[in-house]
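Below is one structure, written out as structure tokens; comments come after it.
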Amino acid sequence: MAVRANVECCVVQGSYRSRSGEDGPETIVELWCRAREGHSVLLLVHGMRPYLDIAVPGRPTAELPEDIEQRLERVRQTNGVTRVHEPQEKWTELGTKPHWRVEVKQPYAMTNRQGSGVRDKLEDDWETTSADIMFVNRLFYDNDVGPHIRADAEVLWASDSAPEELLATLPETHRGDEARTESAERVRESGGEGLYPVDLIVSCNMTQVTQCEAFPAPFVLFSFDLETSIAEETILCAAAVVQSGDERTEHTFRGSEREILEGLTRLVRESDPDIITGYNIDNFDLPRIESRMKALARGTDIQSASELFGWGRVPVFDADGGRLLPKKDTGRRRTWRIQGRCVLDAWWQARMTLRPQRETLRFVAELLWPERDDLHKLDVDASRMDEEWAKDPDLVLEYCLRDAILPLEILSHIHAVERKEALAAVARVPLEVATAGTTSQWIDSMVIRLADREGVAVPRTSRGGKTEQIEGGYVHEVEAGLQPWVAVLDFKSMYPSIMISNNVCYTTRIDERKRPDEEVPEDAHESPFGASFLPASSRRGLVPQLLEHLMEQRDIHKRALDDAQENGDGSAEMFHDQMQFAVKILMNSFYGVFASNFYRFTHPQLGASITAWARSNIKQIIGQLEDEGHPVVYSDTDSVFVTAPIDESAPTLEPEEGSDREAWDKTCAELIGFGQELAEKYSVEGAELEFEAGLSVFFSHGAKKRYVGRKVWPRSEMLVRGYEVRRSDSFNLLTDVMTGMFELILDGESNEAVQHILQLIKRVRAREVEPADLVISRSCKGRVNPDGSIDFTRVYTNPDGLPFVRAAKQRIAAGLNFTPGMKVGWLVTNGKKSPMTIEAWLQEETGVEQTDYDPEFYAKRIATALGRISEAFGWSADDLLKGNRQATLFSF
DNA sequence: ACCAGTTCCTAC
DNA sequence: TAAGGTAGGAACTGGT
């Protein structure tokens with residue numbers, strides 16, 4: 001008798017299987033999930049059919065073509081087509097017209113090669129839509145669910161790790177190791193591949209899969225690291241750490257390469273992780289395991305290969321063994337695909353969230369945990385791994401294990417898993433799409449399901465080439481010098497707001513050429529660009545609907561976040577904070593996707609209109625403010641920096657602790673009042689202006705996107721934008737001295753600031769500064785050749801003219817890892833030559849001290865960067881280098 | 001000394 | 001091929 005169970009889980013990844021049964025072809029969706037209670041689940045979903053929609057090409061006609069029946073009959077007779085549904089009206093760019101849903105045998109029948117797929121064949125006579133949707137996505141769209149689902153399902157098998165209460169309800173034929181053989185057969189009967197390496201295997205119909213409220217799923221993480229020989233390409237040893245909740249288990253592997261790889265594979269299959277991590281595993285460890293697996297496996301025997309690298313969450317004993325092996329996807333997908341799991345590389349996550357100056361694991365560990373020597377102490381020279389391994393294998397193994405632990409620490413520190421799960425929940429995609437997918441996939445997930453509900457046909461992603469660039473945001477000129485008392489105002493979610501209030505959407509764009517008979521109401525929204533959009537009363541756009549919903553969602557999470565903070569509920573606080581952040585990210589992604597020239601619901605007029613409205617709004621406000629006597633000192637896209645009308649006798653410096661603050665506090669209050677007043681005055685429905693910050697002083701050297709300010713509201717802090725201080729390709733010494741300089745300038749001590757610089761330049765020339773503080777770094781591209789070497793010529797016109805390419809080449813020559821896109825550091829050893837000579841900075845990895853640098857180069861570079869700023873006070877870069885001023889134009 | 005071209009990184 | 005956007009500053013090379 002069938003036992004049913006209610007499962008609440010988060011979908012990690014989905015896939016599908018095809019079979020032909022007695023009732024014809026069937027496509028079964030496989031969902032790999034982690035249940036709320038902690039066990040892993042494989043869910044087989046039945047009842048879905050692959051399909052596409054077809055319509056008569058061109059503008060809709062009053063009558064269908066006379067031969068429509070014959071045409072449809074030809075469709076029915078097309079090889080691969082199993083059924084044609086009754087027509088439904090759907091909106092297209094050319095008007096609303098009937099669409100027939102065409103079911104096909106299997107997903108592959110849609111697009112199989114040589115133009116013989118159903119889609120290709122039908123395209124000659126029909127307009128095809130909904131014809132490039134990945135089959136698994138259909139479950140999420142058609143059922144309107146996200147990653148957190150509830151399924152009322154039949155239990156096919158449960159391991160002993162499944163929840164006790166569930167096991168108690170199961171007959172012996174359905175549980176534990178003794179029931180493996182017959183259970184595997186049962187799973188196959190239900191369309192699965194056999195006994196998947198999970199805790200619970202269940203099956204249900206798509207109607208039994210419903211949305212459940214998002215919850216933090218107790219994912220299992222697997223982090224690993226390899227140490228490899230530099231001379232031989234072989235693997236010397238490996239370490240892995242499995243994390244489940246707060247528990248961690250550590251494992252080390254040594255011996256023959258075969259033993260190491262088999263050991264890792266057994267551990268993956270036994271510990272059953274959802275997420276695979278490590279440091280730069282996408283570019284280093286996973287490719288290395290693959291190449292060693294190929295060298296060690298017996299020919300092309302899948303069985304033998306899978307013993308070494310069968311990390312996929314599918315049964316081992318199966319003819320269809322291709323899914324057992326991880327694969328680097330075709331195309332330029334950044335990460336690997338491991339069936340049933342997702343790869344979350346700590347390197348990439350750290351890079352994106354921390355923007356470290358350098359990207360070695362050592363550097364990131366030191367950045368995050370400066371006090372913890374045990375995490376970044378260097379005891380092994382990575383560039384001499386063979387010698388180190390020969391000398392002290394235990395030490396190398398210890399080092400390897402530490403490098404397997406660190407990625408888990410990094411992911412946890414930056415809440416990477418929570419962030420990805422929240423993104424998945426808001427975009428309503430499997431976890432793997434949140435971690436490895438693209439922005440347009442997230443937007444697709446939100447837009448397509450709404451389009452389906454609203455009867456809008458879903459066009460294919462266009463393959464058009466480059467089109468003309470659209471005009472972007474407006475940036476106001478900024479004058480060099482100090483400006484006291486400035487209020488910063490900005491539009492709240494400017495682009496989303498514009499899209500909502502003007503009903504901007506692919507489905508609302510008025511196009512008299514494409515739809516000449518469409519009624520154009522008087523109150524259409526006409527953008528300054530010239531394009532027009534229907535008012536919401538005629539047709540509400542998909543995008544405005546989605547954005548409005550997201551805005552509401554964000555408010556809900558923000559309120560829940562406040563409540564959680566008040567109640568001291570840490571986990572709820574984390575959850576709602578991640579959710580509101582994910583909503584923000586997704587809201588801001590809409591504009592970019594719709595302004596791109598390839599997205600399926602795109603038209604160049606959409607992006608151009610949005611930015612035109614934005615420019616018009618901000619310029620109008622600037623004009624009004626200036627007319628009213630409030631000078632605008634700066635503005636960028638959605639912000640305005642306005643001089644507050646504050647009496648010249650008011651203090652501009654915050655008084656010392658304890659001294660009389662009355663005048664200061666009063667002035668701050670005036671500034672705040674002014675800011676709030678402006679925000680209220682200039683806010684209109686759909687274009688809300690917010691008082692963002694109050695600055696007691698603002699400074700720029702006169703370049704757009706570069707400024708600093710002393711914030712007095714809402715918090716006291718220094719605000720810096722654009723300057724070297726913010727840039728990851730600056731060097732510490734410059735960053736530090738510039739930060740100090742800004743502090744002094746904002747305090748009105750520009751003379752003092754200049755004196756500091758002069759002294760620093762002296763110290764640099766006397767070689768009295770730490771070489772580590774002079775390391776410059778930039779990211780470096782490259783193409784990996786089949787043999788693993790890097791080709792720089794395919795990405796750079798003159799690679800050897802670029803210092804970072806030379807630094808990358810030095811790294812490679814030293815036997816250290818280089819992966820395209822990674823940041824490389826260097827010291828300039830002779831700046832007089834052209835190109836300058838440099839030395840790659842390898843000290844963090846080799847432990848070998850590097851002291852050679854060109855003092856004059858650094859003196860000059862510091863003088864140039866700081867001179868731009870001190871120029872406002874009469875000190876040019878040359879003056880700084882000379883140590884005195886020729887002529888005094890100003891006095892301070 | 002100055003210029004054009006290439007490249008990266010940042011602000012929105 | 002697969003793919004969110006534009007505006008803008010600055011460093012450097014390799015020329016005149």
Side-chain angles (χ1 to χ4, degrees), chain A residues 132 329-334 351 355 357 436-444 447 461-478 488 490-491 493-495 585-602 604 606-608 610-612 614-615 618 634-640 692 700-707 719-731 734 776-781 792 795-806 821 823-824 826 828 831 833-838 857 860-861 864-865 867-868:
Chain A
D132 64 342
D329 252 22
T330 49
R332 289 251 243 282
R333 230 176 92 112
R334 209 191 61 253
R351 175 182 219 269
R355 298 191 315 118
Q357 273 178 299
T438 60
T439 316
S440 49
Q441 287 176 288
W442 308 333
I443 301 292
D444 258 358
V447 180
T461 296
S462 73
R463 312 219 174 277
K466 294 239 180 304
T467 52
E468 210 163 284
Q469 248 198 6
I470 60 168
E471 194 180 338
Y474 168 74
V475 191
H476 200 61
E477 289 292 342
V478 54
V488 185
D490 61 19
F491 283 107
S493 304
M494 189 187 221
Y495 289 177
I585 297 286
L586 284 169
M587 258 176 25
N588 290 333
S589 305
F590 271 77
Y591 158 75
V593 171
F594 284 85
S596 76
N597 57 28
F598 54 83
Y599 187 59
R600 60 174 88 241
F601 292 108
T602 280
L606 302 191
I610 295 163
T611 57
R615 288 191 301 276
I618 205 80
Y634 183 56
S635 163
D636 186 347
T637 311
D638 63 353
S639 64
V640 272
E692 227 273 324
S700 171
H701 72 278
K704 291 172 176 180
K705 297 192 186 278
R706 298 199 158 205
Y707 61 87
L719 175 71
V720 187
R721 291 289 178 267
Y723 281 113
E724 282 80 347
V725 170
R726 300 268 300 179
R727 293 181 64 98
S728 61
D729 56 356
S730 174
F731 49 102
L734 178 58
I776 301 170
S777 59
R778 275 188 139 182
S779 68
C780 180
K781 293 196 275 222
F792 295 100
V795 277
Y796 295 117
T797 42
N798 179 22
D800 290 315
L802 299 166
F804 44 88
V805 172
R806 295 200 300 277
K823 278 192 157 67
V824 290
W826 69 89
V828 175
K833 282 195 186 169
S834 180
M836 59 174 63
T837 58
I838 58 108
F857 166 83
K860 222 166 159 174
R861 183 103 187 239
T864 311
R868 265 195 296 273

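Values reported hereafter were calculated over all heavy atoms of this structure, with side chains retained and with hydrogens, waters and symmetry mates removed. Given the structure is predicted, the values throughout are model-derived calculations rather than measurements. Within every chain, numbering begins at 1; the chains are lettered A, B, ... in the order of the sequence lines, protein sequences first and strands thereafter.
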Locate the shortest heavy-atom distance separating A/L606 from A/F601; write the atom from each residue and the value.
CD1-O, 3.7 Å
Is any side-chain nitrogen or oxygen of A/T797 closer than 4.0 Å to OP1 or OP2 of B/dT7?
yes
May I ask you to evaluate whether A/Q469 reaches the phosphate of C/dA7, defined as a side-chain N or O under 4.0 Å from OP1 or OP2?
yes
Tell me whether the OP1 or OP2 atom of C/dG4 has a side-chain N or O from A/T438 closer than 4.0 Å.
yes
Using only side-chain N and O atoms of A/T864, determine if any of them is under 4.0 Å from OP1 or OP2 of C/dA11.
no
When you measure from the side-chain N and O atoms of A/K705 to the phosphate of C/dG9, is any distance below 4.0 Å, counting only OP1 and OP2?
no
For A/K705, is there an ion pair with A/D636 - N to carboxylate O distance below 4.0 angstrom?
yes
Measuring to OP1 and OP2 of B/dT10, would you say a side-chain N or O of A/S728 lies under 4.0 angstrom away?
yes
Does a side-chain N or O of A/H701 approach OP1 or OP2 of C/dA10 to a distance below 4.0 Å, or not?
yes
Starting from P on B/dC9, measure out to CD1 on A/I776 and report it in whole angstrom.
13 Å
When you get a sec, tell me which of C/dT13, C/dG9, B/dC9 is the closest nucleotide to the side chain of A/K704?
C/dG9
What is the distance from OH of A/Y796 to P of B/dG5, rounded to the nearest Å?
20 Å
A/D800 CG to C/dT13 C1', in whole Å, measures 12 Å
With the stacking rule set at 5.5 Å and 30°, tell me whether A/Y591 counts as stacking on C/dG4.
no
Any A/R706 side-chain N or O less than 4.0 Å from OP1/OP2 of C/dA10:
yes
Is the distance from OP1 or OP2 of C/dG4 to the nearest side-chain N or O of A/T439 less than 4.0 Å?
yes
When you measure from the side-chain N and O atoms of A/R727 to the phosphate of B/dC8, is any distance below 4.0 Å, counting only OP1 and OP2?
no
Keeping A/R806 on the side-chain end and A/M836 on the backbone end, is there a donor-acceptor pair under 3.5 Å?
yes
Whole-Å distance between C/dG4 P and A/F590 CZ?
14 Å
Between A/R726 and B/dA11, is there a contact of a side-chain N or O with OP1 or OP2 at under 4.0 Å?
yes
Side-chain N or O of A/K823 versus OP1/OP2 of B/dC8: is the shortest distance under 4.0 Å?
no
Rounded to whole Å, please give me the gap between CG in A/L586 and P in C/dG4.
13 Å
Below the 4.0 Å mark, does B/dT6 have OP1 or OP2 next to a side-chain nitrogen or oxygen of A/N798?
no
Output the rounded distance in Å from CG (A/D444) to C1' (C/dA3).
12 Å
Is the number of heavy atoms from other residues, nucleotides or ligands within 6.0 Å of NZ (A/K823) greater than 12?
yes
Between A/R861 and A/E724, does any NZ, NE, NH1 or NH2 come within less than 4.0 Å of an OD or OE carboxylate oxygen?
no
Output the rounded distance in Å from CD1 (A/I470) to P (C/dG4).
15 Å
Is the distance from OP1 or OP2 of B/dC12 to the nearest side-chain N or O of A/Y707 less than 4.0 Å?
yes
Between B/dC8 (C1') and A/R355 (CZ): distance, integer Å:
12 Å
Step-by-step side chain to side chain contact (heavy atoms under 4.5 Å, CB included) determination, A/S635 to A/V475:
CA-CA 6 Å; A/S635 163; A/V475 191; over 6 Å; no
